[in-house]
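Both counts, for ligands and for their atoms, begin at 1 and track the order of listing. On a predicted model such as this, the values are computed, not experimentally measured, just so you know.
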Amino acid sequence: MNSKEYFSLKFENDELIFLDQTKLPLEEIYHATSDYERIANAIERLEIRGAPAIGIAAAYALALATKNVKKESINNTFASAFERLKNTRPTAVNLFFSLNELKNVYQNSDASNDIYNLLLSKAIDIHNDDVKKCESIGKNGLKIFNKKSIVLTHCNTGKLATGGEGTAFNIIKQAYKKDLVEFVYADETRPLLQGSRLTAFEFEKEGIPFAVQTDSSAASLFSAGKIDIVIVGADRIASNGDIANKIGTYNLAVLCSFHNVPFYIAAPTTTIDKNIKTGNDIKIEYRKSEELFNINGQKIIPNKFNTYTPAFDVTPSNLIKGIITEEKICEYPYNFSNE
Ligand code: MRU
């Protein structure tokens with residue numbers, strides 16, 4: 001691999017190889033494992049993160065859990081690995097989508113089947129499918145640019161967060177190639193800095209001009225008229241188009257509304273949860289206080305302080321100008337339950 005090449009997830013020789021996102025951008029360290037528990041742990045620790053990437057990794061993990069398991073224990077093994085993976089993170093619906101896809105395959109198989117290879121082939125399909133979805137999102141998103149634009153994005157939505165080239169990130173990349181992007185501001189994305197550590201890492205690799213800024217700097221850019229478009233990803237989209245995404249996303253949607261700047265979501269249809277009506281039904285993950293007490297292992301405030309630690313917020317659909325999927329650009333009012 002040359003120094004510009006990297007990937008988040010690769011399945012080879014019965015092992016999942018993943019880039020440890022907790023170490024980026026200072027160290028590029030890949031781990032390889034065939035242990036589903038190690039993958040569950042990597043999802044919990046955010047070594048693997050981003051809604052589509054979590055779903056893909058969990059699919060490989062569930063398949064691996066069944067490798068070389070005797071027929072008499074396969075039901076119990078499958079059920080306990082399913083439960084373990086399901087409980088790694090609560091908000092991104094792609095995790096549950098993938099696990100349920102594999103469960104369907106499992107339930108429709110019989111004793112004569114090679115369960116591991118059956119499930120592995122489904123996991124590979126989910127991964128390949130995400131690659132194609134990212135490609136189409138990148139193409140569909142070009143339509144939102146009517147001039148060479150300055151874009152603001154939040155959290156990470158690139159290769160690291162997906163199985164392919166990314167969602168919102170890929171739109172920015174494709175638009176940049178067509179000379180439709182002048183510059184990108186990447187919110188640092190407190191507290192875990194997905195923007196400054198991961199998105200900036202990816203913009204740098206792609207040679208796209210960018211600046212990292214603290215999340216609270218966004219308003220000053222809007223008031224100076226410096227932002228033309230905001231594009232971010234999503235972890236779950238309700239039937240009415242309310243979306244959950246990284247904490248701080250809602251702030252940007254409100255700023256866009258106040259300053260009359262279009263606010264777009266880019267996500268594959270696997271992020272749409274037709275089982276829920278509105279954003280009120282989305283389970284928001286709360287992270288450990290340690291993530292506020294320390295930065296990179298360095299203590300910054302005493303453990304006795306109370307903390308407020310939501311990992312995601314919900315943006316109401318009326319603030320979203322469009323939701324860009326691999327199929328099309330949907331516009332407000334949204335009704336995904338009928339689609
Ligand atoms: O907590 P994370 O890092 O998994 O959260 C990631 C995000 O919120 C991303 O913006 C979202 O998953 C979209 S990924 C294409």
**Message:** If we count only N and O atoms by modelled type, under 3.5 Å, do the side chains of Glu326 and Thr269 hold a donor and an acceptor together?
**Reply:** yes
**Prompt:** Side chains of Thr278 and Asn240: donor-acceptor distance under 3.5 Å anywhere?
**Reply:** no
**Request:** Please determine if Asp273 and Arg236 form a salt bridge, counting it only when a charged side-chain N lies under 4.0 Å from a carboxylate O.
**Result:** yes
**Asked** Do Ser289 and Thr307 have side-chain atoms, one donor and one acceptor, less than 3.5 Å apart?
**Response** yes
**Asked** Taking atom NZ of Lys205 and atom CD of Glu202, what is their separation to the nearest 0.5 Å?
**Response** 9.5 Å
Provide, line by line, the atom pairs where ligand 1 and the protein bring an N/O atom each to a distance under 3.5 Å; else say none.
{"unit_1": "ligand 1", "atom_1": "1 (O)", "unit_2": "Arg89", "atom_2": "NH1", "d": "3.4"}
{"unit_1": "ligand 1", "atom_1": "1 (O)", "unit_2": "Arg89", "atom_2": "NH2", "d": "2.8"}
{"unit_1": "ligand 1", "atom_1": "1 (O)", "unit_2": "Lys246", "atom_2": "NZ", "d": "2.7"}
{"unit_1": "ligand 1", "atom_1": "3 (O)", "unit_2": "Arg49", "atom_2": "NE", "d": "2.3"}
{"unit_1": "ligand 1", "atom_1": "3 (O)", "unit_2": "Arg49", "atom_2": "NH2", "d": "3.1"}
{"unit_1": "ligand 1", "atom_1": "3 (O)", "unit_2": "Gln194", "atom_2": "NE2", "d": "2.9"}
{"unit_1": "ligand 1", "atom_1": "4 (O)", "unit_2": "Gly50", "atom_2": "N", "d": "3.1"}
{"unit_1": "ligand 1", "atom_1": "4 (O)", "unit_2": "Arg89", "atom_2": "NH1", "d": "2.8"}
{"unit_1": "ligand 1", "atom_1": "8 (O)", "unit_2": "Asp235", "atom_2": "OD1", "d": "2.7"}
{"unit_1": "ligand 1", "atom_1": "8 (O)", "unit_2": "Asn245", "atom_2": "OD1", "d": "3.2"}
{"unit_1": "ligand 1", "atom_1": "8 (O)", "unit_2": "Lys246", "atom_2": "N", "d": "3.4"}
{"unit_1": "ligand 1", "atom_1": "10 (O)", "unit_2": "Asn245", "atom_2": "OD1", "d": "2.8"}
{"unit_1": "ligand 1", "atom_1": "12 (O)", "unit_2": "Ala51", "atom_2": "N", "d": "2.9"}
{"unit_1": "ligand 1", "atom_1": "12 (O)", "unit_2": "Asp235", "atom_2": "OD1", "d": "3.3"}
{"unit_1": "ligand 1", "atom_1": "12 (O)", "unit_2": "Asp235", "atom_2": "OD2", "d": "2.8"}

**Message:** Under a 3.5 Å threshold, yes or no: a donor from one side chain and an acceptor from the other, between Thr22 and Asp20?
**Reply:** yes
